Amino acid sequence: MSRRMLVSGNWKMHLNHFEAIQLVQKLSYELVDHDFEAVEVSVHPPFTDIRSVQTVIDADRLKFGVGAQNVHFEEKGAFTGEVAPEMLAKLNVGYVIVGHSERRQIFGETDEIVNKKAKAVLKHEMTPIVCCGETIEQRDINEHEAVIEAQLRGSLAGLSAEQLGGLVVAYEPIWAIGTGVTASADDAQEMCAHVRRVVDDMKKGAGDGVRIQYGGSVKPTNANELLSKPDIDGALVGGAALDAVGFGRIVQFDRS
Ligand code: PGA
């Protein structure tokens, strides 16, 4: 089965809405129609920038997908500071990152919470990008495969075969995020293949469809090797996504 590549820029807590508009415009100069035919591209600005970014994308008919970095799982109500899935759907958000390791580690999100968020995103016809990843300590004692399997079984519990086959999982080893240290392409491939096996084991047939991104210090210089691996269907890019030229080069990895 041929899966469409998805390269996503996670801007984290960077750029106000003026800067966000500038970055989208600069990015649009780096990429041509041909790039968007080969690779789907999504940008994930902070909540306060989404409306501005979406307006520019619509007005200039740019081919980027609009994404978010987080969402609350409830429909509405007294949840001070939270953003509901429907609010994102109304802004044409297509992809929502859920369970990023920074949310899990700094804000205490559990697999159960991530699972509720994934379901809320699906309910509003957006696609969750469900993140998983092990710490260096877990890898050192050879528990990385078991940790990823437990995270996936918890975060994706109760989804149908169709839902599982249509979602995106980002495998992001925590020791590689923002550190400049990337997993070797072979290690990344091995873990992404593991993710696919686990998803397929959860619902037969879903493994073929699920798109698996690698994330963790992806840069123009390593994108080619990572993205040429059979089970790596794209990248979730943090730091390097803030530079239009560099992000453009990642999207344009050697597709020959
Ligand atoms: P990084 O972040 O590319 O800066 O390592 C990736 C991520 O956290 O999604």
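If you read the sequence from its start, that first residue is 1, and numbering goes on from there. In listed order, ligands and their atoms are each counted from 1. Worth saying up front: this structure is predicted, and the values here are computed from it rather than measured. Computed from heavy atoms alone, side chains included, the values below leave out hydrogens, waters and symmetry copies.
- Under the 4.0 angstrom criterion for non-hydrogen atoms, Gly215 is not in contact with ligand 1.
- Between Arg197 and Asp231 no salt bridge is recorded (no basic side-chain N to carboxylate O distance below 4.0 Å).
- Ligand 1 lies nowhere less than 4.0 angstrom from a heavy atom belonging to Lys219.
- Near His100, meaning under 4.0 Å from one of its heavy atoms, ligand 1 places the atoms 7 (C), 8 (O), 9 (O).
- For Ala176, the closest heavy-atom approach to ligand 1 falls below 4.0 Å.
- Ligand-side atoms of ligand 1 in range of Gly239: 1 (P), 3 (O), 4 (O), range being under 4.0 angstrom from any heavy atom.
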**Asked** After noting the C-alpha distance and the side-chain angles of Arg249 and Glu30, does the key distance pass the side chain to side chain contact (heavy atoms under 4.5 Å, CB included) rule?
**Response** CA-CA 8 Å; Arg249 293 295 89 80; Glu30 296 300 322; 3.3 Å; yes

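- Ligand-side atoms of ligand 1 in range of Lys12: 2 (O), 7 (C), 8 (O), range being under 4.0 angstrom from any heavy atom.
- Note: His72 and Phe79 have tilted aromatic rings, judged against thresholds of 30 and 60 degrees for the angle between ring planes.
- Between Asp186 and Lys229 a salt bridge is recorded (basic side-chain N to carboxylate O distance below 4.0 Å).
- Distances between N or O atoms of Thr179 and those of ligand 1 include no value under 3.5 Å.
- Looking at Glu172 and Ser101, their side chains never bring a donor and an acceptor atom within 3.5 Å of each other.
- Here's the thing with Gly216: none of its N/O atoms is less than 3.5 angstrom from an N/O atom of ligand 1.
- Tested against Glu109, the residues Arg104, Lys116, His100, Arg103 include a single side-chain hydrogen bond (donor to acceptor under 3.5 Å, both in side chains) partner, Arg103.
- For ligand 1 and Glu172, the ligand atoms under 4.0 Å from any heavy atom of the residue are 6 (C), 7 (C), 8 (O), 9 (O).
- A donor atom on one side chain and an acceptor atom on the other are found under 3.5 Å apart for Ser42 and Ser8.
- Against a heavy-atom cut-off of under 4.0 Å, Asn10 is close to the following atoms of ligand 1: 9 (O).
- Ser217 counts as a contact of ligand 1, since one of its heavy atoms falls under 4.0 Å from the ligand.
- Taking all heavy atoms of Gly178, Gly238, Ser8 into account, the minimum distance to atom 5 (O) of ligand 1 is reached by Gly178.
- A salt bridge links Lys123 to Glu75: one of the charged nitrogens lies within less than 4.0 Å of a carboxylate oxygen.
- Look at Arg196 and Asp233 and you find a salt bridge, because one of the NZ, NE, NH1 or NH2 atoms lies within 4.0 Å of a carboxylate O, short of that distance.
- Counting heavy atoms under 4.0 Å from ligand 1, residue Ile177 touches it through both backbone and side chain.
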